[in-house]
Amino acid sequence: MIVIKELSIPGYKKVIEAKDPECGLHSFIAIHDSSLGPALGGVRIYPYLTDEEALTDVLRLAQAMTSKSAIAGCGTGGGKSVIIADQNTKTEELLRAFGAVVNSLGGDYIAAEDVGSTPEDMSIIRQATPFVSALPTVTSSGDPSRFTAWGTLRGMQAAAQHLWGSSSLKNKSILIQGLGNVGSKLASFLFWEGANLLIAEQDPQKALKEAALYGAQIIDAKDIYSTPCDIFSPCAMGGIITKEIIPELKCHIIAGSANNQLLSEDLGIDLMDRKILYAPDYIINAGGLINATSEFDPNGYDAKVVREKVEHIYDTLLTLFNEAKENHRPTTEIAEEMAHHYLDHLIGKREHPIKWAS
Ligand code: NAI
């Protein structure tokens, strides 16, 4: 039997903890804000060591989804879920039980793929609830990572334009941390842009394969942050930019897809003081969300329309970088203000409810 407990967390619309001892489900779903539409966010399946760690992660990720969706104009709110489990040992039973929990929220939270979950997992969750996006079907939006990678590339180009007066990345040294779904596609785009790639990937086989594909230099884990490069692109896990790491960094720009790259948002000030231009993660990595929410477009999903929408990341970031420079303020603060502006004025609020097939 599934037991659902509501947790009272200030600043969040709804947070629940769900357990089903029979299949081993232990999950949290956080709905941060729904003022622009129902909350949509990925299902992260990860072997968190403690409940607190899982709860902290889901809360931070849900909050970032609110800002991401607002600035990208997706007509959705901020939400996220985590399942405390190893992605290699998750079962269909567990995913279906999780689907039942999503269903109990009546469409206030829409599940999507994230670290540790796959489009196939979404199909299993779909057996218990209609409130799922990015299913592996031809009418669905499919793998979001190609749009996340494209948006990240466009964000890097905006940063290059701002800092060096040209959006060209030719001959720039770019260190990508994490060559997974997003990182590997980004590496491919950057290779054809003429960039010199450095890669840090914890899976040695993957690192060798990607390095050979792009003539890239493999960077040892211990040297990731101290290696000189033009752009550092975190595309693995979040929380990697810490107060201790910042003095080590020898890059001019940080522009990557990972969520919550800064351990805390105030580190935006430290980065500004070190003259490192930081592209706020929830703006540069919005391509995947833009893709997933385009499934709900009244005319149906169209990849070319999504490409157009993702292009806006370039202009959004360029505007933000200019504003940060003019006012000598960190990019993180300007991003936060932008998100509040959209939310306070309900800009981009979903006009028509999403139509769900039962
Ligand atoms: P993924 O799981 O496919 O790839 C992550 C890669 O990073 C894996 O190859 C893993 O071996 C590697 N890795 C993990 N820790 C590492 C470390 N300490 N050093 C070096 N390599 C490490 O994940 P995906 O989908 O590529 O996402 C990457 C990041 O971007 C995540 O933080 C995710 O939340 C974020 N993101 C992804 C989106 C998407 O469309 N897939 C959308 C928005 C954000």
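When a ligand or atom number is given, it counts from 1 through the structure's own listing order. Because only heavy atoms are used, hydrogens play no part in the values below, and waters and symmetry mates are left out as well, while side chains stay in.
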Selection from Asn181, Leu61, Asn260 by shortest heavy-atom distance to atom 3 (O) of ligand 1:
Asn181
From the candidates Lys68, Met237, Glu201, Glu210, the one that places a heavy atom nearest atom 11 (O) of ligand 1:
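Looking at heavy atoms only, the winner is Glu201.
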What do you reckon, does Arg44 put a non-hydrogen atom under 4.0 Å from ligand 1?
yes
Contact check, Gly238 vs ligand 1, heavy-atom distance below 4.0 Å
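Flag not set, Gly238 not near ligand 1.
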Please state which part of [X] comes within less than 4.0 Å of ligand 1, counting heavy atoms only: side chain, backbone, both or neither.
| X | value |
| --- | --- |
| Leu289 | neither |
| Ala258 | both |
| Lys206 | side chain |

Using a strict 4.0 Å cut-off to heavy atoms of [X], name the atoms of ligand 1 that fall inside it.
| X | value |
| --- | --- |
| Ala200 | 20 (C), 21 (N) |
| Leu179 | 9 (O) |
| Ala236 | 7 (O), 13 (N), 14 (C), 15 (N), 16 (C), 22 (C), 28 (C), 29 (C), 31 (C), 32 (O) |

Would you please indicate yes or no on a ring centroid separation below 6.0 angstrom for Phe296 and Trp356?
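Centroid distance Trp356-Phe296: below 6.0 Å, so yes.
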Under 4.5 Å side-chain linkage, directly or through intermediates, the cluster mates of Leu271:
Leu175, Leu198, Ile219, Ile224, Tyr225, Phe232, Ile240, Ile241, Ile245, Ile246, Leu249, Ile254, Leu262, Leu263, Leu267, Ile276, Tyr278
Within 6.0 angstrom of [X] [atom1], more than 12 heavy atoms from elsewhere:
| X | atom1 | result |
| --- | --- | --- |
| Arg96 | CZ | yes |
| Lys250 | NZ | yes |
| Glu53 | CD | yes |

Just to verify, what does Ala159 make a side chain to side chain contact (heavy atoms under 4.5 Å, CB included) with, not counting sequence neighbours?
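Partners of Ala159 under the side chain to side chain contact (heavy atoms under 4.5 Å, CB included) test: Ile253, Leu277, Phe321.
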Side chains of Phe131 and Asn103, heavy atoms from C-beta outward: is any pair under 4.5 Å?
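Answer yes - side chains close enough.
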